[in-house]
Amino acid sequence: MYHLKRALSAFMALLLLLFICPACARDEEKIGRIKIIYTEVYQAGPAVEEITGIITSQIEESEAEIAAAKEARSKGEDYTFSDDTSAAAEEAEKLRGCLAQFEDSKKLLDALSYTGAEQIDKTIDAGRAYFHKLIGCAKDLLSIVDFFLAEEEALTGLNAAAEKEVTQQYGYTAYIADMWTESGAAYESLKAIPCPAFMAQSYALYIDQIRIFQTMLETMYYALTNEDVLSAYSAQNMASRIDITLFKYGVRLTEDFNKQYGKVGERISTTIKTLGEELKANCTALIKALNQEG
């Protein structure tokens, strides 16, 4: 009888393998999909925090610098803005890294097949939507930073010309001639940069000051070469007006930047944050339920 029991036990075990384990395997597949979603959402956390930090820094630091510049100008003092080109380039690299991570996660979730279980399939869709939203945020911010860097690149020649030192060998007329050439090149380069729609109006007004600046240089050059006092006085008045309007539209552009940064930050801190938290909670609950069923 003992040997018969062993045979019966082996037979029953075989039946369990045939009829129960396929279901277990299906549950394991479901759990595997849910774990992938949970892991990707969890691992996105540091990248989301990094983007939030970039947004906060941009808004706080630029607002502080604008306030300092306005205060200095109200006192008739010069104010030199910090050169944040290198910082912007670092931001762009960080954003590209975050974007690549989000895109990889989205591809991974896109490759997951549906299970036929409504709650699990809805969770897969929600995970895809989560990373789609994060990709949109990273791209929106990157478009602003890339625009700023392209703008700085367009002004490289003009900035270099402005920093040249006037000497006995390199006089004012040569200096103004070089500034005129570079301002024309800068104006054409700035016009060619694709501008995000939300700041197109401010940008058009800003770069138009470069064209007016070039006209002022023409007047100044004429005044110097012809010793024309009236033209020199006219050029000085134009320069004063350009200084005011360049600052005004430069501030407006920065405010446009910040407004867009703020909108992205709001998306991340509200709907996207909520979706991420719901996804992790739902994944945890689904895994627990499937394990109990198993």
> Counting only N and O atoms by type, is there a donor-acceptor contact under 3.5 Å from the side chain of Ser189 to the main-chain atoms of Ala185?
Replying inline: yes
Name the atoms and distances for all side-chain donor-acceptor pairs under 3.5 Å in residues 89-97, with sequence neighbours left out.
unit_1: Arg96; atom_1: NH2; unit_2: Asp146; atom_2: OD1; d: 2.8

>> Can you list everything that forms a side-chain hydrogen bond (donor to acceptor under 3.5 Å, both in side chains) with Ser113? Sequence neighbours excluded, please.
In response: Arg33
> Excluding sequence neighbours, so at least two apart, what forms ring-ring contact (aromatic ring centres under 6.0 Å, His included) with Tyr187?
Replying inline: none
> Using links of under 4.5 Å between side-chain heavy atoms of ILVMFWY residues, direct or through other members, which residues join Tyr38 in one cluster?
Replying inline: Tyr42
>> Filter on salt bridge (charged side-chain N to carboxylate O under 4.0 Å, His left out), then keep only pairs touching residues 264-274, sequence neighbours left out; what's left?
In response: Asp140-Arg267
>> Under a 3.5 Å threshold, yes or no: a donor from one side chain and an acceptor from the other, between Asn258 and Ser62?
In response: yes
>> Please enumerate all residues that pass salt bridge (charged side-chain N to carboxylate O under 4.0 Å, His left out) together with Arg211, with sequence neighbours excluded.
In response: Asp208
> Taking only residues two or more places apart in sequence, or in another chain, which ones meet Phe257 in a ring-ring contact (aromatic ring centres under 6.0 Å, His included)?
Replying inline: none
> Just how far is it from atom CD1 of Ile135 to atom OG of Ser105, taken to the nearest 0.5 Å?
Replying inline: 8.5 Å
> Which distance, rounded to the nearest 0.5 Å, do you find between the CD1 of Ile34 and the OG1 of Thr39?
Replying inline: 11.5 Å
>> Tell me which pairs pass salt bridge (charged side-chain N to carboxylate O under 4.0 Å, His left out) where either residue lies in residues 111-129, with sequence neighbours left out.
In response: Asp110-Arg128, Glu118-Lys122, Asp125-Arg128
> Tyr79: what forms a ring-ring contact (aromatic ring centres under 6.0 Å, His included) with it, not counting sequence neighbours?
Replying inline: Phe81
>> Suppose the criterion is ring-ring contact (aromatic ring centres under 6.0 Å, His included): which pairs have a residue in residues 112-137, not counting sequence neighbours?
In response: none
>> Listing request: all ring-ring contact (aromatic ring centres under 6.0 Å, His included) pairs with a residue in residues 136-186, at least two apart in sequence or in separate chains.
In response: Phe147-Tyr203
>> Show every salt bridge (charged side-chain N to carboxylate O under 4.0 Å, His left out) that has at least one partner inside residues 171-186, sequence neighbours left out.
In response: Lys164-Asp178
